[in-house]
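Below is one structure; the comments refer to it alone.
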Amino acid sequence: MLFTGIICSQTTISGVVTDKNSGEKLPYVSVSNQNESGTTTDENGFYTITATPVSDVLTFSYLGYKTTRITVGNKTTINISLEEEATNLNEVVVTALGLNRKTKELGYVVQELKAKELTEVKTANFLDNLSGKLAGVTISQGATGVGSSSKITIRGEASFSNNNPLFIVDGTPINNNTVFNFTNEAAAGFQEIDFGNGAMEVNPDDIESVTVLKGPSAAALYGTRASNGVIVIQTKDGTKKKGLGISINSSITIDTAFRLPEFQNEFGQGNSGNFEYVDGLGGGTNDNITYSWGPRLDAGNLIAQFDSPVTLPDGTIVRGGDTSLYSGLPITPTLFKSNPDNLKDFYQTGVTTINNVSINDSFDRGSYRLSFTDLDSESIIPGVNLERKTVALKLNFNPTEKTKITSSVSYVNSGSDNRPSNGYGSENANYSLVAWGPRSLNIDSLRDYWQPGLENVQQYSFNYTFFDNPFFILYENTNSFNRDRVFGNITVNHKFTDKLSVSLRSGMDYSSEKRRFKRNFSSNRFKNGAYAEHDVFYREVNTDFLVNYTNNFGDVSFDVSLGGNRLDQTASTKQLQTTNLAQPGIFSLNNAASPIEAFQFDSKKRINSLYGIAKFGYKDYLYLDITGRNDWSSALATPFSVDGTSFFYPSVSTSFILSNATELPEIISFAKLRASVAQVGNDTNPYQTSGAFVSQTTFNGQATFSNQDFIPNANLKPEITTSYEVGADLRFFKDRLNIDFTYYNATTKDQIISLPIAISSGYNQQVVNGGKVNTTGVEIILGGTPIRNENFRWNTTFNFATNKSIIKDLPQEDGRLTLAFSRIYNSANQTVFFQVEEGGQVGDMYGTGYTKNADGEFVLDDNGRYIANNELIKIGNYNPDFTLGWNNNFTYKNFNASILFDWRQGGEIVSRTRALGNVGGQLAETSFRPDAGIVAQGVNVNTGQPNTVAVSAESYYRQFYDRNHEENNVYDASYLKLRQFSIGYTLNFNPGFMGLKDESTMNLSLIGNNLFVITENPHFDPEQLAVQGNGFVSGVEDMSYATSRSLGFKVGFNF
Amino acid sequence: MKKIIYIVAIFAFTLASCTTDFSDINTNPNAPVSVQPSLLLRQVIYDFGEQMSYEGFVAGDLLSQHRTALDFNLFDRHDLKSPQLGGNPWPIFFTNLRDNEIILKQSRETPAFAVYEGPSLILKAYMAAGLTDLFGDVPYFEAFNGVEGTVTPKYDLQEDIYQNENGILDNLDKGIAAINAYTGSIPLEGDILYSGDLDAWVRFANSLKIKYLIRISGKVNVAIQLQSIFDAGNYITTNSQNAIFDFTNSEPNSFRLAQLRIGDFNNFVLSETMEEILINLNDDRISTFFRPFANSNSGDFNGLINGINSSTTTISLSDYSLAGTAFREDTSTLDANFITAWETTFLLAEAAQKGLIIANPQTLYNNGVTQAFEYWNTNLPATYLAGNANFNAAGTSPLEQIITQKWIASIINGYEGWIEFRRTGFPEFKTVSASLNNGLIPVRMPYPAEAASLNAENYKVAETATNGNSLDVKVWWNE
């Protein structure tokens, strides 16, 4: 009937479309009837369309305006005025697989940062730019200055093994790994060195937007690595502006040390009040280990020190520490003075410059953008720097109307002359300066670090038993690297018809890095020097296709995509080293004086996937997404079978726009409810399914092999995370106030764990599936524009998140599971264990302490000393109770200012600096040293009465802060930071300025980063990571360098 | 239509090839799934010998009062649960027993590897004895078999480990029998003790039998067995037959103290206990083991009492004797000691003295002293055995002389000096200066903390049996 109706009676409708507020005529408004035939209004807002009389409905839609429908009725002229939609409602974000979706249709929370928010204040590590700006996303900085890795966690840590989110750049995954050099645990050989995390090289100047998909609901389509969330990065292209555009940006900041330890400055080197330097090896009085329990400083005492003069027989004067040049001669005592600023003077002023030039053009059939960025940072740590050059090219080309080719390529070359070593040991300058740097040490005496005439052969240091001269460490024992990285892809998209399209893409992340470790003769760990070369290679290739079909059936819109992906990962790391050189000063494997050791590890993985997504929309207020994905992973195969390598996971999400479906009170301009449930699988690293033998130290040049110390599992299943998420997006007062609320509940089961087992079984670990962790949390994003008038505008956003991961089940009968540990050398007693138990929380830390009674008082022996309790107890948890970022933006005419606060509440951190620095007598906590000794607070073990026995101050502090007992060295990790600020002025120039065709802008800003913190610990920046073996651990601060406070300015031209 | 066919074809293609090559891809190219037993044998002997020599220097010698630690010395003060450098031998035993067990399995399953059965049984007995002599009841029969067996092995009684089938004594017998029964021609490779000489292994096993029989002689009547081994004479009788391997003077096979930081080496000095004994005996070996203290004008030696309180006592390093150059500057004269002629001879001297065998204890004693000096590359002065080192010296007993001489030569030999002190009470140890064990010399090593947390149920039984993992509860053969 309708059919006949259409053929027989069609009428012509025409009219004008205007803006409701201003009355302006609106061109290019899309007008369509129920049969889909449509037209657009012309420059005068005028349209003509055929339609079925009476019943037909005309739909008027235009970006930025509310879509309006009018039933034709009997009219032939329909004039209509469209109402502006509160901005942001039709905003589009990039979601999984690079598909652009309207935020309003999404059934899960998605948070986006635009280019401007990332380039306000640029940091050397891309991840640090995200800190405080995204709810539920936590960033922690590494401990070794510029070039350190930062760790990112989205929605807490639910996995026992890997909590790294997935990074995608223009649709292609890039790796965020940190690869450490080969080390051993003992107090010998190289220590771990952090050369940065993969995603640190993403260049803020090339980014258009960063979208964070926080959980499985959003990320299911990305497959196995998406269970920890996905960071989707889109780079800038040339389509923004028609014609040629050039942009130049330059920023320079001065960096200074942020938060240095507070020292005591009353007592200098020695023990029990005695000190005399003779040879730094124990030949004098307490000159073997550099405790600061010695004589008073600034009391006029004259004491022989390492920098006191010695007169040689021939009259030349050398220093006390030049022990290779003399023997048995007296050292002339010098004043035993305090040096309160010795650590401050050790750090230098750093400078970071970032320069960027980019050019873009768009023309008939395409566009391009080419950009070059140069980052050069001299660290506050002497001898340390980071240099990075990035070239980025984005091309869009439409060979035909229906075909689009896009290519995005970035090449990054980064390098450094020296990256400092991590952790507790003589390769870390903090070992020499903070833990064991005597308070009588004059830092300037150490700058000339060779003994005269013995360059390259013998260093000059304040002590030779355990400590290297820190300048010698940083200038001579360098860990340099150079890394070439290329990532990018080429995509072809072809529209067969309006409804059917296909895209093919192939992308790669390639990185090749060469590291060189040089150690000179007379290093404490390498008396005959050492040299190592470490080559790290990584390549990941992703090839995928996606077929897309869209259609409408009445009020229902329907969009389905089917696709597949092949992922190939290849990684290899090879370290060649000699720990004995023949000729001093020559760093080459040819100069090896003992056999060259080789450590090598190659790995490969392939994952094949098929997936599909179906999206349904009903009118403009109800949306439903269904996805399904199946992965086949080679890491679950064994050398003999491919069973069990396939796993499937689906997801469903829905979005209901209440404000479009019904009339709501006027103050509510938008209201949306969303819900989703999703599953994501996760596989594991290669080679966990079969056992192997590993080569060990050769004997007389002949090979030895030992069985691997873990029991493999041939029947590994993938981990599965099932997540429920509900949320609401509410906006008030025409969008001046918006609240986004999310609650999520995710359960991860069948975790692939390396379960520690008793070594009496012959093995240290067993790979098992097991464990169930339930993560729940809430995220609230509250934003608004409290003040908005003609000249002045104030935008503010709060990003609040709280998260808890509780263990529901463990793969063992009872007891606790150790997931990781942080250890000094290979000492089992000096270890913080990260253990979980049923009902406990991920992030729980266990250590030992001193015996306490039921009331929590210390129990002391008859000598007034604490009693060790070697039972492991919980000493804290490193996860915060909640995080709150507060971002403010002020605009006044052409001025713009922003300020970002970051508040992290809750969580504990174990500090090695506190332990070692106080045992050594260096830190301010030990300045109270009464001659009568200290009476420890507590009760006597036998009588239960308060203790009255005093012990010497030295004895008291050395026992209280002892590194074997971590309980006394725990700080509250809560902090409030003023993280960033900027104040800028923008000049707008009209076309014709300086002969330029179009308008141009220039911006000048004052910028600052990492400015101020309030936290319990007085000694270090509370955001810290420690390194253990091959990975990072949170919750422990391990002889960290100071982070930097940066202040500077930037200039930008756009034309 | 064409497009649909293309799409279906792509799908079908991808589905079919979804797992091709997966087995190859997930085969570890870095490490083989099985290796020749010779590579494991070399590893077991080298790793065990090297690690226990290191443990001997930094921990065993402290307990046996050969050596004293200046700082980081909770172990020296007898808080054995808080070792700071070494002092944790538990994993060394189990890791090497695991690799050794793989050799044993291979030798029994593959005829071409049959020659490895004897040596691996002998090594199993040797390591098991070392383990149980330190800790007492330990996991053994169910242990070091995690892949095919259990990951929570139960603790076995020491008397069972010594005497039951597949225990220490039984394995030594089985090992000797396996070697004697071996008729193949494939040589034993990876043997860094004897380069494949199977007869030497039989002598090694018999020496070990002598040692362990005497060790348990307090609880078991071993006279008959000892007499028959002594009569057969097929045990180690000269230093050329010692079960040892040499350290080199450069990495990677130098003695561990040559590779450590100088601060770690300088932390250990001569113990007052050893100083007094060696000075009393006028023993030249003092200058092999230690060097004169730095402040000395006449090449004298000075020892420090064990177990000082390092936070209240100021020690000047140059007043005390550091270890000799053989332990750091040139370690090519050092050996990793499994068992030697002198140890065997001293054991037989003790057996003769106690009447367990028929022999002249004094002759054996004198032989043992000669061999011990030769082992340490030091000339035996003609007057040595006539002086305070005489078998019948005044104020001593023959047993004390035998054990003391054996003790002197046992420096860096794991924990042997301390084990024999626990068994015999000789030589006389001093109470340490600032004891953390109530002034008592410990009589066993404590189980490590990880055993409590990772094998909790079985550990509880052993914990109760040792009165809460106490250092003062004697092991079975010492009761």
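If you measure heavy-atom distances from P91(B) to chain A, the contacts under 4.5 Å come from both the backbone and the side chain. At a 4.5 Å heavy-atom cutoff, the contact between S316(B) and chain A is made by backbone and side-chain atoms alike. If you measure heavy-atom distances from L74(B) to chain A, the contacts under 4.5 Å come from the side chain alone. Using a 4.5 Å cut-off between heavy atoms, D279(A) does not touch chain B at all. For a residue to count as touching a neighbouring chain, one of its non-hydrogen atoms must lie under 4.5 Å from one of that chain's; by this rule L755(A) does not touch chain B. Contact of T579(A) with chain B is made through backbone and side chain together, with heavy-atom distances under 4.5 Å. The part of N274(A) that comes within reach of chain B is its side chain, from C-beta onward, which places non-hydrogen atoms under 4.5 angstrom from that chain. Interface remark: N266(B) contributes side-chain atoms only to the contact with chain A (heavy atom separation under 4.5 Å). Heavy atoms closer than 4.5 Å to chain A are found in the side chain of P139(B), but not in its backbone.
In this structure, CD in E450(B) is found 9.0 Å from CZ in F833(A), a value given to the nearest 0.5 Å. Separation of atoms CG (D24(B)) and CZ (R606(A)) is listed at 10.0 Å; rounding is to 0.5 Å. Atom CD in Q696(A) sits 11.5 Å away from atom CG in L39(B) (nearest 0.5 Å).
Here the side chain of N26(B) pairs a donor or acceptor atom with the backbone of A635(A) at under 3.5 angstrom. A donor-acceptor pair under 3.5 Å is formed between the side chain of N253(B) and the backbone N or O of T698(A). Judged purely by atom type and a 3.5 angstrom limit, R98(B) has no side-chain atom pairing as donor or acceptor with the backbone of Y763(A). In this structure, the side chain of S318(B) engages the main chain of G283(A) through a donor-acceptor pair within 3.5 Å.
Classification of D21(B) and K605(A) as a salt-bridged pair fails, no side-chain N sitting under 4.0 Å from a carboxylate O.
Between T150(B) and S761(A), the closest heavy-atom pair is O-CB, 3.9 Å. Contact detail for L454(B) and A758(A): the closest heavy-atom pair is CB-N, 3.7 Å. When all heavy atoms of L40(B) and F705(A) are compared, the closest pair comes out as CD2-O, 3.2 Å.
Between Y46(B) and F699(A), the ring-plane angle classifies as tilted under the 30° and 60° cut-offs.
Side-chain contact annotation: S594(A) with E251(B), donor-acceptor N/O pair under 3.5 Å absent. Residues S706(A) and D99(B) have side chains that bring a donor and an acceptor to within less than 3.5 angstrom of each other.
Of the listed residues E871(A), K527(A), R525(A), the one with more heavy-atom pairs under 4.5 angstrom with chain B than any other is K527(A). With chain A as partner, the option from D71(B), T248(B), T95(B), T152(B) having the largest number of non-hydrogen pairs under 4.5 angstrom is D71(B).
Under the 4.5 Å side-chain criterion, counting only non-hydrogen atoms from C-beta, Q84(B) is in contact with Q830(A).
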